[in-house]
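Quick notes on the structure that follows.
Just so it is clear, the model here is predicted, and its values are computed rather than measured. For reference, positions follow the sequence shown, starting with 1.
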Amino acid sequence: MIDAIVSEWLKLRTLRSNLYLLALSVLSVLLCAGLAFMVSRGFDSQTGDDRLRFDSIGSGLGAGLPVAYFVMGALGALSITSEHATGLIRTSLVAVPRRQLFLFAKIPPLAAVTLVTGQMLVFGMHFAAQAVLGDRAGQVLLDGRTLGASLTDPGVAAGLLVAGAAMPLVAMVGLGLGAVIRSTAGSMVTLIMILFVLPVVAQTLPGPWRARIGSFTMESLPDQIVAGEGAGILSPLAASAVLIAYPVVALTAGAVAIAVRGRGIRPLAVGGLVAALLAAVTVIPSSAAASALPWKPCGGDLECTSVQVPVDWSKPSGRKVSIQIARLPAAGTHRRIGTVFSVPGGPGGSGIEDLKKRGGSFAELRRRFDVVSLAPRNTTDLGVIPFDCLRTGPWITVPADRAEYDSLAARNRASAEQCRKVDPEYFDHLDSGSVARDIEAIRVALDEERLSFVATSYGGVVATTYARLFPGGVRAMYIDGGVDQLADHATDLRLTSEMIEGQFTRFAAWCESTPACALHGRDAGAVWRGLTAAADRSPVPVQGERVAYSGFDFKVAAAPDLISPGPAPDFANWQRFARAVDKAVQGDASGFADYVEQATESMKVPSFRGMNVTHCTDGLGFGGYQEFQRMKALGERLSPNFAGDELWHPLACAGWPAPVANPAAPMPADRLPPFLGAGTWTDHAVTAGIVMRVPGSSTVRYNGPGHGLYLSGNRCAIAHANRYLTSLRLPPRGTTCEPPAAG
């Protein structure tokens with residue numbers, strides 16, 4: 001055996017065509033550099049969000065790897081077809097009469113040469129591509145990948161080593177093909193079909209077949225073996241089995257073909273058994289969840305079902321309620337990672353409606369995840385408690401003394417009881433803790449070990465409550481413009497005051513510089529402060545109605561427009577706000593009342609019982625009159641333009657008939673993965689306060705207005721969130737996203 005191997009080494013080393021082939025393999029490095037150059041040119045020609053739409057070149061092997069594989073396969077084929085072509089095969093078989101020994105003796109020298117050469121090639125391809133990309137390589141893209149990939153990135157070095165280690169296996173495929181076909185030209189054509197034509201054909205197939213067939217092509221296997229970021233639906237074990245199966249099948253065929261008469265039965269039996277075992281590995285179920293829930297189509301890509309949960313989680317065997325859930329199933333060409341659970345805001349928003357209206361935001365994420373959401377038990381239109389009751393509520397006033405505070409509490413209680421009497425048990429258990437427990441029941445029903453979360457706005461309260469109650473169920477947590485239940489009222493008031501005063505400063509500056517502002521040419525801040533102060537002394541009537549606006553009413557009505565000015569450069573909501581202020585200064589508050597009535601069917605902003613039913617049972621109300629007084633005084637010091645606005649939600653909980661069911665409590669930070677938060681001018685600080693309670697967490701700040709970046713389609717925030725949710729890699733602290741340049 002040793003002599004046969006040495007003989008094959010001499011043949012391999014002295015055959016001139018082999019040297020030419022190895023020299024030709026450098027073309028793979030040049031191809032990778034060329035592709036990176038073209039990508040760089042295209043990238044540099046784009047700006048803003050357009051750059052996020054590029055496809056990643058990953059570690060940079062894409063263009064060159066099939067070429068390198070072809071060279072290694074050709075080297076293997078030539079090691080035997082050249083002997084057939086020259087007639088030396090007869091001499092070789094005289095020297096080594098055991099034909100299968102003759103074939104397998106070619107493997108060690110071939111493997112040694114192709115392994116060393118292959119590792120040099122893959123690292124050469126990587127470094128060449130990344131050098132051409134330069135600093136562009138770190139650009140985060142919409143699918144969560146980066147334009148390139150550093151050797152220090154998780155999985156990149158391992159992926160390169162596996163790709164290099166696959167070179168000898170490809171050479172074995174070539175050797176087996178050469179033994180079967182016995183023709184250099186025929187072997188080359190077959191290799192071209194396997195390495196170049198089959199992947200192209202796979203890309204032309206429809207839907208799921210494209211992913212399924214494409215995953216079995218040789219060039220896609222190394223990245224799947226290391227569970228990398230590239231395309232492919234196979235598990236690492238299955239991908240390894242497929243990669244080994246290629247040379248096993250080829251060499252088995254070669255051993256059978258080279259045998260004399262019936263002597264190919266033994267290698268056929270052995271090779272067939274090994275190939276069968278490897279094939280069996282590919283059909284072993286992966287760790288992906290196999291939910292037994294009866295999903296049914298419910299519009300577009302959406303599938304819906306329901307889960308039964310207790311109304312009162314302290315009585316798990318008691319009355320049940322049906323929670324509707326929906327999912328956008330994984331639809332990409334990548335191995336499924338798990339489930340992303342989208343927690344809606346509100347409180348009381350429907351996550352199912354979010355998926356229907358804004359499911360496109362999850363398009364890239366669906367390459368690797370199912371996306372699931374729910375219509376939570378506190379959604380206002382579920383029908384358990386009449387929608388018309390939950391969507392209305394009393395007008396809140398700021399008490400001047402304890403008697404007025406007690407009177408407000410009595411009005412709140414009476415208003416809440418109108419809804420509560422319909423179903424007291426259900427009404428008392430619409431807190432975020434109950435919703436979090438519902439999500440845990442859904443996780444169990446989905447048969448997922450852990451969930452990855454996208455929590456928007458008040459969904460942050462549900463998400464952090466889930467993290468506190470079920471830390472082991474959290475794989476990743478992305479909080480977008482969250483509400484911080486854990487902050488005390490003083491901290492929350494400081495952050496809220498900084499936010500709204502910052503927005504008012506921006507509004508005033510815009511008004512000063514823009515003739516479209518109805519207050520242009522005047523001191524907008526002085527006009528506003530004068531209006532609200534005078535209205536608190538003598539409310540401004542709504543012309544033609546028996547309604548008048550106090551300064552507090554003006555602030556509550558104006559805050560949404562101030563916080564969300566509308567798209568630049570028109571800022572339609574700021575224009576509306578300025579017109580309403582100008583009209584109110586002239587003695588008519590109908591500018592505010594008109595748009596409030598359009599949105600709420602109420603002349604002044606009501607304190608919605610459908611929101612309070614969760615706010616109050618989550619403990620967001622004041623502890624009593626004394627705390628209200630302290631916060632009122634603090635707000636007057638911190639917010640000269642909007643003092644009192646921050647009192648609206650907590651005052652609505654005065655006198656609430658249901659007890660606090662989900663009091664604030666710290667999360668077990670040492671048992672949770674790092675979080676990612678994102679927010680705009682108006683909500684980044686609050687979101688940062690939430691996520692930074694967990695060590696190692698990070699945030700992304702969008703330098704513009706708005707709320708709910710992921711669901712609103714902000715591509716920069718989506719890119720960073722997708723990277724985190726997919727690979728658990730966080731952006732550096734201080735990462736920012738800029739609004740698109742005005743065009």
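His615 and Tyr458 have their aromatic ring centers within a separation under 6.0 angstrom. Between Phe341 and Tyr466, the gap from one ring centroid to the other reaches at least 6.0 Å. For His684 and Tyr702, the ring centers are positioned 6.0 Å apart or more. Two rings, from Phe427 and Trp656, have their centers less than 6.0 Å apart.
Salt-bridge formation is not detected for the pair Glu501/Arg494: no Lys NZ or Arg NE/NH1/NH2 atom is positioned less than 4.0 Å from an Asp or Glu carboxylate oxygen. Ion pairing between a basic and an acidic side chain is recognised when a charged N comes within 4.0 Å of a carboxylate O; Arg437 and Glu440 show no such pairing. With respect to Asp312 and Arg319, no salt bridge is recorded, no charged nitrogen being found less than 4.0 Å from a carboxylate O. Electrostatic pairing of Arg693 and Asp484 counts as a salt bridge here, judged by a charged N lying under 4.0 Å from a carboxylate O. A salt bridge links Arg366 with Asp301: at least one charged nitrogen is closer than 4.0 Å to a carboxylate oxygen. In this structure, Glu303 does not pair ionically with Lys296, as no charged nitrogen and carboxylate oxygen lie closer than 4.0 Å. Arg391 and Asp381 are not joined by a salt bridge, as no carboxylate oxygen comes within less than 4.0 angstrom of a charged side-chain nitrogen.
Applying the 6.0 Å contact sphere to CZ of Arg53 captures more than 12 heavy atoms from other residues, nucleotides or ligands. Other residues, nucleotides and ligands contribute at most 12 non-hydrogen atoms within 6.0 Å of the NZ atom of Lys357. In this structure, Glu449 places its CD atom where only 12 or fewer heavy-atom neighbours from other residues, nucleotides or ligands lie under 6.0 Å away.
For the residue pair Gln139 / Arg136, no side-chain donor-acceptor distance below 3.5 Å is found, with atom types taken as modelled. There is a side-chain donor-acceptor pair under 3.5 Å between Arg475 and Ser452. For the 3.5 Å distance criterion, the side chains of Asn662 and Thr617 fail to qualify, holding no donor opposite an acceptor. For the 3.5 Å distance criterion, the side chains of Ser434 and Asp431 qualify, holding a donor opposite an acceptor. For Thr456 and Asp480, the side-chain atoms include no donor-acceptor pair closer than 3.5 Å.
Under the 4.5 Å side-chain criterion, counting only non-hydrogen atoms from C-beta, Ser432 is in contact with Val461. Using a 4.5 Å heavy-atom threshold, the side chains of Arg729 and Asp153 count as touching. Counting heavy atoms from C-beta on, the side chains of Leu374 and Gln324 never come closer than 4.5 Å. Val700 is listed as a side-chain neighbour of Cys737, based on a closest heavy-atom distance under 4.5 Å. Taking the side chain as every heavy atom from C-beta outward, Cys419 and Leu390 approach each other to under 4.5 Å. Put simply, the side chain of Val474 reaches to within 4.5 Å of the side chain of Pro673, judged on heavy atoms. Two residues are said to be in side-chain contact when any heavy atoms from C-beta on lie closer than 4.5 Å; His126 and Leu151 meet this criterion. Using a 4.5 Å heavy-atom cutoff, the side chains of Leu160 and Ser59 are in contact.
Rounding to the nearest 0.5 Å places OG1 of Thr339 at 11.0 Å from CD1 of Ile337.
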For residues 703-714, dump all side-chain donor-acceptor pairs below 3.5 Å to protein atoms at least two apart in sequence or in another chain.
residue, atom, partner, partner atom, Å
Asn703, OD1, Arg701, NE, 2.9
Asn703, ND2, Glu738, OE2, 2.8
His707, ND1, Asp683, OD2, 2.6
His707, NE2, Ser457, OG, 2.8
Tyr710, OH, Asn722, OD1, 2.7
Ser712, OG, Gly708, O, 2.8
Ser712, OG, Leu709, O, 3.1
Asn714, OD1, Cys716, N, 3.4
Asn714, OD1, Ala717, N, 3.0

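A donor-acceptor pair under 3.5 Å links the side-chain atoms of Gln503 to the main chain of Ile563, judged by distance alone. Of the possible donor and acceptor atoms, none in the side chain of Lys315 sits under 3.5 Å from a partner among the backbone N and O of Val311.
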Between Arg723 and Asp143, does a salt bridge (Lys or Arg N to Asp or Glu O under 4.0 Å) hold up when you go through it step by step? CA-CA 7 Å; Arg723 181 167 177 79; Asp143 64 359; over 6 Å; no

